[in-house]
Asker: 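What follows is a structure written as structure tokens; I'll ask about it next.
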Amino acid sequence: MFHVTAYNGTKEENYELVIKQLKSLIEGEPNAIANLANASALLNQFLEKVNWVGFYLTEGDELVLGPFQGLPACVRIPFGKGVCGTAAKNKKTERVADVHLFPGHIACDAASQSEIVVPMIKNGEVIGVLDIDSPVKNRFDEVDQYYLEKFVETLVASL
């Protein structure tokens, strides 16, 4: 049974704890959709000042909406388009302080001001992305990026 935890440590300690929680949630569960759903729910309850947390999964040369927490979202995003498609195409994290300044930004939720997208890479191929939006500009920093990349690495190992 999962219990909501008070995250009272440093930002780094709290991220380490949430990664441990992820490992516990996905241990022994082979179903990718179940693991992605729990991962999005875990991050949504852990992160402050976010309005969307979820996954897009690779299907051909585009990303298709997967498990998420938040308002209804765009269903398909071509590789190279928007923040998610750019992260998938380039196989690297995109951390955007102001989405309105990102060329070709796809606005699924008008409240979103900043975004971080971490590609999910398995055997050298992008299998999807973790997408997190915030209604606050410049919400995500280097610490968030580092630990969200570790979070995704942990998750991808189970997929």
Asker: Between Val99 and Val136, is there a shared hydrophobic cluster once you connect ILVMFWY residues whose side-chain heavy atoms come closer than 4.5 Å?
Answerer: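 No, separate clusters.
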Asker: Check the pair Asn38, Ile26 against side-chain contact (heavy atoms from CB on, under 4.5 Å), reporting the backbone distance first and the verdict last.
Answerer: CA-CA 8 Å; Asn38 268 337; Ile26 63 178; 5.7 Å; no
Asker: Give the intermediate values and the outcome of side-chain contact (heavy atoms from CB on, under 4.5 Å) for residues Leu63 and Arg76.
Answerer: CA-CA 6 Å; Leu63 297 166; Arg76 294 182 181 274; over 6 Å; no
Asker: If hydrophobic clusters are built from ILVMFWY residues whose side chains come within less than 4.5 Å, do Val118 and Ile127 share one?
Answerer: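 They do share one cluster, since a chain of ILVMFWY contacts under 4.5 Å joins Val118 to Ile127.
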Asker: Within the structure provided, determine whether Leu155 and Leu22 are in side-chain contact (heavy-atom separation under 4.5 Å).
Answerer: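 In short, these two side chains touch, coming nearer than 4.5 Å.
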Asker: Between Asn35 (side chain only) and Glu29 (backbone N and O only), is there a donor and an acceptor less than 3.5 Å apart?
Answerer: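 Yes, Asn35 side chain to Glu29 backbone: donor-acceptor pair under 3.5 Å.
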Asker: Determine whether more than 12 heavy atoms belonging to other residues, nucleotides or ligands lie under 6.0 Å from atom NZ of Lys11.
Answerer: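 Correct, the count exceeds 12.
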Asker: Looking only at heavy atoms, what is the nearest atom pair of Ile19 and Tyr147, with distance?
Answerer: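 For Ile19 versus Tyr147, the nearest heavy atoms are CD1-O, 3.9 Å.
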Asker: Indicate yes or no: does Asp141 engage Arg95 in a salt bridge with an N to O separation below 4.0 Å.
Answerer: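 No, no charged N to carboxylate O under 4.0 Å.
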Asker: Look up atom CG in Leu43 and atom CD in Gln21, then write down how far apart they are to the nearest 0.5 Å.
Answerer: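 It is 10.0 Å, given to the nearest 0.5 Å.
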Asker: Quick one: which of Phe151, Phe46, Tyr146 gives a ring-ring contact (aromatic ring centres under 6.0 Å, His included) with Tyr15?
Answerer: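 Filter result, single survivor: Phe46.
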Asker: Do Leu65 and Ile77 have side chains that approach each other closer than 4.5 Å (heavy atoms only, starting at C-beta)?
Answerer: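 In short, these two side chains do not touch, never coming nearer than 4.5 Å.
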Asker: How close do Leu42 and Leu25 get, heavy atom to heavy atom, and via which atoms?
Answerer: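 For Leu42 versus Leu25, the nearest heavy atoms are CD2-CD1, 4.0 Å.
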Asker: Regarding Ser114 and Asp133, do their side chains bring together a donor and an acceptor under 3.5 Å, going by distance alone?
Answerer: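 Result is no, nothing qualifies.
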Asker: Answer whether the closest heavy-atom distance between the side chains of Asp131 and Tyr56 falls below 4.5 Å.
Answerer: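 They are in contact (side-chain heavy atoms under 4.5 Å apart), so the answer is yes.
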Asker: Indicate the atoms forming the closest heavy-atom contact of Thr58 with Val126, along with that distance.
Answerer: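 Closest pair (atom of Thr58, atom of Val126, distance): OG1-O, 2.9 Å.
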Asker: Between the main-chain N or O of Thr10 and the side-chain N or O of Glu13, is there a donor-acceptor pair closer than 3.5 Å?
Answerer: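 The answer is yes, because a donor-acceptor pair under 3.5 Å joins these two groups.
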Asker: How about Leu36 and Met120: do any of their side-chain heavy atoms sit closer than 4.5 Å?
Answerer: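 Yes. Closest side-chain heavy atoms under 4.5 Å.
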Asker: OG1/Thr86 to CD/Glu94 distance, rounded to the nearest 0.5 angstrom?
Answerer: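 The OG1 atom of Thr86 sits 5.5 Å away from the CD atom of Glu94.
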Asker: Working to the nearest 0.5 Å, report the span between CD of Glu16 and CG of Asn14.
Answerer: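 So the gap between those two atoms works out to 10.0 Å.
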Asker: Show the numbers, then the answer: is there a side-chain contact (heavy atoms from CB on, under 4.5 Å) between Glu12 and Val143?
Answerer: CA-CA 7 Å; Glu12 294 83 356; Val143 173; 3.7 Å; yes
Asker: Do side-chain atoms of Asn51 reach the backbone of Ser134 as a donor and acceptor pair under 3.5 angstrom?
Answerer: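 Such a contact is found between Asn51 side chain and Ser134 backbone.
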Asker: Without swapping roles, check the side chain of Asn31 against the backbone of Ile33 for a donor-acceptor pair under 3.5 Å.
Answerer: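 Yes, Asn31 side chain to Ile33 backbone: donor-acceptor pair under 3.5 Å.
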Asker: If you measure from the Lys or Arg side-chain nitrogens to the Asp or Glu carboxylate oxygens, is any gap between Glu62 and Lys81 under 4.0 Å?
Answerer: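 The answer is no: the pair does not qualify as a salt bridge.
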Asker: Is it the case that the side chain of Lys91 and the backbone of Gly124 share a donor-acceptor pair, with hydrogens and angles ignored and the cut-off at 3.5 Å?
Answerer: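 Side chain of Lys91 to backbone of Gly124: a pair is present.
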Asker: Are Trp52 and Phe68 close enough that some pair of their side-chain heavy atoms sits under 4.5 Å apart?
Answerer: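 Trp52 vs Phe68: side chains touch.
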Asker: Does a donor on one side chain and an acceptor on the other come within less than 3.5 Å for Tyr7 and Gln45?
Answerer: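 Checked: Tyr7/Gln45 side chains pair up, N/O donor to acceptor below 3.5 Å.
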Asker: Got more than 12 heavy atoms from elsewhere within 6.0 Å of CG, Asp61?
Answerer: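 At most 12 heavy atoms, drawn from other residues, nucleotides or ligands, come within 6.0 Å of this atom.
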Asker: So, Glu149 and Thr93: side-chain donor and acceptor under 3.5 Å apart, yes or no?
Answerer: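 Side chains of Glu149 and Thr93: pair found under 3.5 Å.
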Asker: According to disulfide (SG to SG under 2.5 Å), does anything in residues 9-100 pair up with another residue at least two apart or in another chain? List the pairs.
Answerer: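 Non-adjacent pairs meeting disulfide (SG to SG under 2.5 Å): Cys74-Cys108.
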Asker: Can Val152 and Ile121 be said to form a side-chain contact (heavy atoms from CB on, under 4.5 Å), step by step?
Answerer: CA-CA 9 Å; Val152 164; Ile121 300 172; over 6 Å; no
Asker: How far apart are the closest heavy atoms of Ser40 and Gly54, and which atoms are they?
Answerer: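 What the structure gives for the nearest pair is CB-CA, 4.3 Å.
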